[in-house]
Amino acid sequence: MLTTVFSKTVLDRWRGVTITVVSLSLLLYFAMGVYRDLDLAIYTGLPASFKSLIGIPENADVGSLAYSAVYNSYGALAFSGLAIAMGAAFIAGEERKGTIGELLANPKSRTHIVVSKAGAMLLLLGLGGLLLWAAAVISPALLDVSIAGLHVGAFTLHLTVSTFFYGFLALAIGAWTGRTGMAIGIPAAVMVLSFFAVGLLPLVSGWEDVAKFFPWYYLGGSEPLLNGVDWAHVAILVGGSAVLFVLALVGVNRRDLRGRSTGVSLIDRARSNPMTAKLAERMAGSTRVSRIWVKSASEHQGLLLVVSAAMFFIMGVLMGPVYTAMDQTLVSMGDALPEALLALFGGGNTSTPEGFYQIENFGLMAPISIMVVTVTLGAKALAGEESDRTMGLLLAQPVSRSKVLAEKAFAMVLFGVIVGVVTFAGVLAGNALGDMGIDIGNIAATCVLLTLIGLLFGALALLTSAATGRLAAAVWVPVAAALVAHVANAMASLQDAAWGRLSPFHYYLGSDPLSNGMSWVDAAVLAAATVVILALAFPAFARRDLREQG
């Protein structure tokens, strides 16, 4: 019997933390093993200023690059994303599922529930941080890699308290609004904007201090891996988390909680406007759910708008002026760093406009962004309906399972294409504003391949959703597969290994489309893989007994 909210929350959430920590630990071990075998001439030939810039002390060997490559990028994003998902689920998630009433029917106050759930989050994330620290110490010992001069414990402490901040931000927004979309979307936007700002602003002369206004700065701005704990930065993150916790308590106690979250979709707003009512009715179809894809599109319109805005303005338009304003010393230093060392970030360098866009946009952030959209739609297409207990209502209409799946897949493909087109428009505008001279056809080719890689993992989410009906599995399977495939492709490129062709990411940027144009063979491989995965989803969904609740 689960007698406390705290223990119930821990038991519900420990699997996600375990999967994330184990995955990151294995990736660190794998990456460190590959970096260890690099020709040391790559390292010793770097200018001292560049060694400092990428965080390598003079008395550490190349293996220490793995900390920055895995924990400071993938690790921080994944761990913070996990914290956001937890914080959003605690109050807003209970309202969305309609279980907040059952929870409050017990003799527990709202304050008690928030305190218990926040305590569980602190425990789980804290233990996760300890395990990441243990992996960071054990991996180099097993691989005989020198980490002399590195403060691994300080770095993982900064990483852990940084995740606290994003988790409590999600909790506070969920407590005040009761909407999971806002509780996830706003903190995720803050995290991504901070990631971009801290990476880009120091490149522009005079804007270095502006980065201090973003929470991501306090993760690594003081270089804790090299310099140890910066207690002032830790205090800022802890203090911010405490303030957000207090705001969550105030928010949840001042508001009427809903038994189940409801909202007004874009289609509903259009119906209420006389000028757009007819068009909205045609798009929405009849009450017999003849336009299932419109329903899915309406449910995820906010996510599409946020991601599209970020890809157009920040990762597209803004990049051109930023590159033009960059210190020329930093631009020229791009040639000093071997391409192999940037493989985990998708390749590229700052010495050319194409290389700059690849390392800042297409290498890592663009595939993450498009997969946020396609994987979300693919996962929620079927498993989301089962989790929300609406699948029965949907199939009660005169529509077949195959029609439901086909229209859900269409919505996922449509949103993926929209993100790809918006990314193309943004990069095109940034290219013109910065007078960068990148070939328009090459930009289009890269965006087509970006769309295809996003659709492939979206299709995998849809297949998992169809086969299992479990929302968590439908999210984690494609995310884990994408992470492993990306790192495997990077490791294969470091070793010039043929097995890298097994990774879908080899067919995304392996031909350097931003410089060389479209590789139709690569595009065909990605398209064919996506079609096969989608085709497998139909028999998987048709043969499975559906659950009333996922």
Asks: Search all heavy atoms of P187 against all heavy atoms of M182 and return the closest pair with its distance.
Replies: CD-O, 3.6 Å
Asks: I need the M315 CE to N361 CG distance, nearest 0.5 Å.
Replies: 4.0 Å
Asks: Given side chain to side chain contact (heavy atoms under 4.5 Å, CB included), test L143 with Y29 step by step and report yes or no.
Replies: CA-CA 8 Å; L143 294 168; Y29 181 84; 3.6 Å; yes
Asks: Decide yes or no for E94 and K117: does some side-chain heavy atom of the first lie under 4.5 Å from some side-chain heavy atom of the second?
Replies: yes
Asks: Between CG of D522 and CG of L452, what distance do you get to the nearest 0.5 Å?
Replies: 10.5 Å
Asks: May I ask you to check whether over 12 heavy atoms, not counting those of F313, lie within 6.0 Å of atom CZ?
Replies: no
Asks: Measure from the side-chain N and O atoms of T374 to the backbone N and O of G454, and report whether any donor-acceptor pair falls under 3.5 Å.
Replies: yes
Asks: Which word best sums up how the rings of W216 and Y166 line up, parallel for under 30°, tilted for 30 to 60°, or perpendicular for over 60°?
Replies: tilted
Asks: Could you state the interatomic distance from CD1 (I453) to CZ (F362), rounded to the nearest 0.5 Å?
Replies: 14.0 Å
Asks: Give a yes or no on whether the backbone of A461 and the side-chain of S465 come within a donor-acceptor separation of less than 3.5 Å.
Replies: no
Asks: Would you find more than 12 non-hydrogen atoms of other residues, nucleotides or ligands less than 6.0 Å from W133 atom CH2?
Replies: no
Asks: Does the side chain of F164 come within less than 4.5 Å of T160's, by heavy atoms?
Replies: yes
Asks: Less than 4.5 Å apart, any side-chain heavy atom of L449 and any of L509?
Replies: no
Asks: Contact between L132 and Y71 at the side-chain level, heavy atoms closer than 4.5 Å - yes or no?
Replies: yes
Asks: Run the side chain to side chain contact (heavy atoms under 4.5 Å, CB included) test on L171 and I91 for me, step by step, so that the C-alpha distance in whole Å, both residues' side-chain angles and the decisive distance to 0.1 Å come before the verdict.
Replies: CA-CA 7 Å; L171 176 62; I91 299 300; 4.2 Å; yes
Asks: Evaluate the criterion side chain to side chain contact (heavy atoms under 4.5 Å, CB included) for residue pair T423 and L450; output intermediate values, then yes/no.
Replies: CA-CA 9 Å; T423 301; L450 169 68; 4.0 Å; yes
Asks: For the residue pair L28 and S139, what are the closest heavy atoms and their distance?
Replies: CD2-OG, 4.2 Å
Asks: Would you check if there is a donor-acceptor pair between the side chains of S7 and T4 at a distance under 3.5 Å?
Replies: yes
Asks: Please report the closest heavy-atom contact between A172 and L247, naming both atoms and the distance.
Replies: CB-CB, 4.5 Å
Asks: With heavy-atom distances below 4.5 Å as the criterion, would you say the side chains of Y67 and V152 are in contact?
Replies: yes
Asks: Can you confirm whether L125 sits close enough to F79 that some side-chain heavy atom of one is under 4.5 Å from a side-chain heavy atom of the other?
Replies: yes
Asks: When you look at L82 and T163, which way does the side chain to side chain contact (heavy atoms under 4.5 Å, CB included) test go after all the steps?
Replies: CA-CA 8 Å; L82 178 69; T163 64; over 6 Å; no
Asks: Do you know the tightest heavy-atom contact between A379 and V475?
Replies: CB-CG2, 3.7 Å
Asks: Distance from I184 atom CD1 to R179 atom CZ, nearest 0.5 Å?
Replies: 14.0 Å
Asks: So which heavy atom on G174 is nearest to which on A92, and how close?
Replies: CA-CB, 3.8 Å
Asks: Please examine the side chains of H158 and Y218, heavy atoms only from C-beta on, and report whether any two atoms are closer than 4.5 Å.
Replies: no
Asks: Is any side-chain heavy atom of F424 less than 4.5 Å from a side-chain heavy atom of V448?
Replies: no
Asks: Please check if the side chain of T156 supplies one atom and the backbone of G153 the other of a donor-acceptor pair under 3.5 Å.
Replies: yes
Asks: Atom CG of L237 and atom CG of L219: how far apart are they, to the nearest 0.5 Å?
Replies: 8.0 Å
Asks: Which distance, rounded to the nearest 0.5 Å, do you find between the CZ of F214 and the CE of M191?
Replies: 14.5 Å
Asks: Which heavy-atom pair separates A248 from W176 by the least distance, and what is that distance?
Replies: N-NE1, 4.4 Å
Asks: Could you check whether any side-chain N or O of T464 sits under 3.5 Å from a backbone N or O of A474, counting only pairs where one atom can act as donor and the other as acceptor?
Replies: no
Asks: Give me the ring orientation class for F505 and Y508: parallel if the planes are under 30° apart, tilted from 30 to 60°, perpendicular past 60°.
Replies: perpendicular
